[in-house]
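Working notes, structure below.
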Amino acid sequence: MKTKIITIDENNINEELMMQAGDILRQGGLVAFPTETVYGLGGDGLNENSSAKIYEAKGRPSDNPLIVHIADMEALPGIVKEIPEEAYLLAEKYWPGPLTMIFYKSDAVPYATTGGLDTVAVRMPSHKTARALIRAAGGYVAAPSANRSGRPSPTVAKYVIEDLDGRVDMIIDGGEVNIGLESTIIDLTDGQPVILRPGYITEEMLKSVVGQVDMDKTLLDANAKEAPKAPGMKYRHYAPKGSLTVVEGAEGAVTDYINRQIAVAQSEGKKTGVIATDETKGGYVGDVIKSVGSRNDEEAIARQLFRILREFDDSDVQVMFAESFDSPGIGQAIMNRLLKAAGHHVIRV
Ligand code: TXA
Ligand code: MG
């Protein structure tokens, strides 16, 4: 398949190109597009053949459900059975934006889109190109992150092209995304709202709107016996080719520990790497040292983490260490993605 690659500026949308993209989706084709979180791989969410094509293009297991993207609140009743009160409150505050809510699905949504589940994940993105595309496509765009399964989510079109060129009809280049981590997912189908995937919309932000919110326990605990409720969270994602260990502790102790481990690995002839911060970068002795940004700027760390993981993925580094980024805010989402990349391999010093 020849992939058409176009550029659209969200502040000056080329209507002609947007219509072309919308037509591809209406006809059952696939279009990768920017959102404020990460790039998405879009298909018509109400067309089971389109969803099947998405799984195929990504190389994704078909029990891992897709998020249906809408552009307007009026579109929601068309795909869900009921809308709980919390959903209205959360939508009022955080839609359009990086929040996905899980509802019971209506018959309009094929099981091919929900991975066989009776529930459907719905998000209303704020990115103007994404919103225009959803409208041009007829209102419902199913879109997982636009990476091949198992790779970090793409934050620039270059990585979408790397993963999906030749596998989709069109890729829309909209520059670098704003947030860099996938949306927060909250399940509203089980009484008490539960966070299934942490993201830019934090636990505190959700609690401020709906009171009590639970966190899926499997997310931060490597030894949890149950499977995570968001099927996608059980897969080891973003796994770099080398081994990755997250090191927690006070700044100096972390640097010392990592440097000692690096010396051991180097003495065994292994190439080493460190995911550091602007503040600590100069203190490491490894072969490849990359900073994800300043520790004082969580948003910058969120935006850069997937790019750094991809860069390590493409390198021949065999033994990697990362500092820990735990914090009550976006740090939860950053740590969740980092722990997945590390296969939950954490050391406390
Ligand atoms: O920010 C985002 O959410 C991006 C952009 C493109 O919108 N999309 C995204 O999609 O991250 P994806 O497919 O990579 O991740 C969707 C996650 C998966 O972990 C999946 O298992 C979960 O959402 N999910 C989808 N539908 C679900 C459902 N009905 N119940 C539980 N989890 C669900
Ligand atoms: Mg994904």
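Order of appearance sets the numbers: ligands from 1, and atoms from 1 within every ligand.
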Shared-cluster residues of Ile67, by chain and number - hydrophobic side chains joined below 4.5 Å: none
Shared-cluster residues of Val254, by chain and number - hydrophobic side chains joined below 4.5 Å: Val247, Tyr257, Ile258, Ile262, Val274, Tyr284, Val285, Ile289, Val319, Phe321, Ile347, Val349
Output the list of atoms in ligand 1 that are nearer than 4.0 Å to some heavy atom of [X], sorted by atom number.
| X | value |
| --- | --- |
| Ala230 | 21 (O), 22 (C), 31 (C), 32 (N) |
| Ile67 | 3 (O), 8 (N), 9 (C), 10 (O), 16 (C) |
| Ile185 | 17 (C), 22 (C), 23 (O) |
| Glu182 | 1 (O), 2 (C), 11 (O) |
| Thr119 | 28 (C), 29 (N), 30 (N) |
| Arg60 | 12 (P), 13 (O), 14 (O), 18 (C) |
| Ser183 | 1 (O), 2 (C), 3 (O) |
| Asn64 | 18 (C), 20 (C), 21 (O) |

Option nearest atom 9 (C) of ligand 1 (shortest heavy-atom distance, choices Gly199, Gly40, Ser145, Ser149): Ser145
Check: Pro231 N/O within less than 3.5 Å of ligand 1 N/O: yes
Any N/O pair Thr35/ligand 1 closer than 3.5 Å: no
Any donor-acceptor N/O pair, Lys58 side chain to Ala146 backbone, under 3.5 Å: no
For atom [atom1] of [X], is the number of surrounding heavy atoms from other residues, nucleotides or ligands below 6.0 Å larger than 12?
| X | atom1 | value |
| --- | --- | --- |
| Lys207 | NZ | yes |
| Asn11 | CG | yes |
| Glu16 | CD | no |
| Gln266 | CD | yes |

2.8 Å cut-off met by an N, O or S atom of Ser145 to the Mg ion (ligand 2): yes
Between NZ on residue Lys271 and OG on residue Ser315, distance to nearest 0.5 Å: 6.0 Å
Val122, Val109, Thr189 screened by side chain to side chain contact (heavy atoms under 4.5 Å, CB included) with Val80, the one that passes: Val122
For Leu46, the option from Ile79, Val141, Thr113, Val68 that meets side chain to side chain contact (heavy atoms under 4.5 Å, CB included): Ile79
contact_flag His69 ligand 1 heavy-atom lt 4.0 Å: yes
contact_flag Leu117 ligand 1 heavy-atom lt 4.0 Å: yes
Side chain, backbone, both or neither: the part of Ala143 lying under 4.0 Å from ligand 1 by heavy atom: backbone
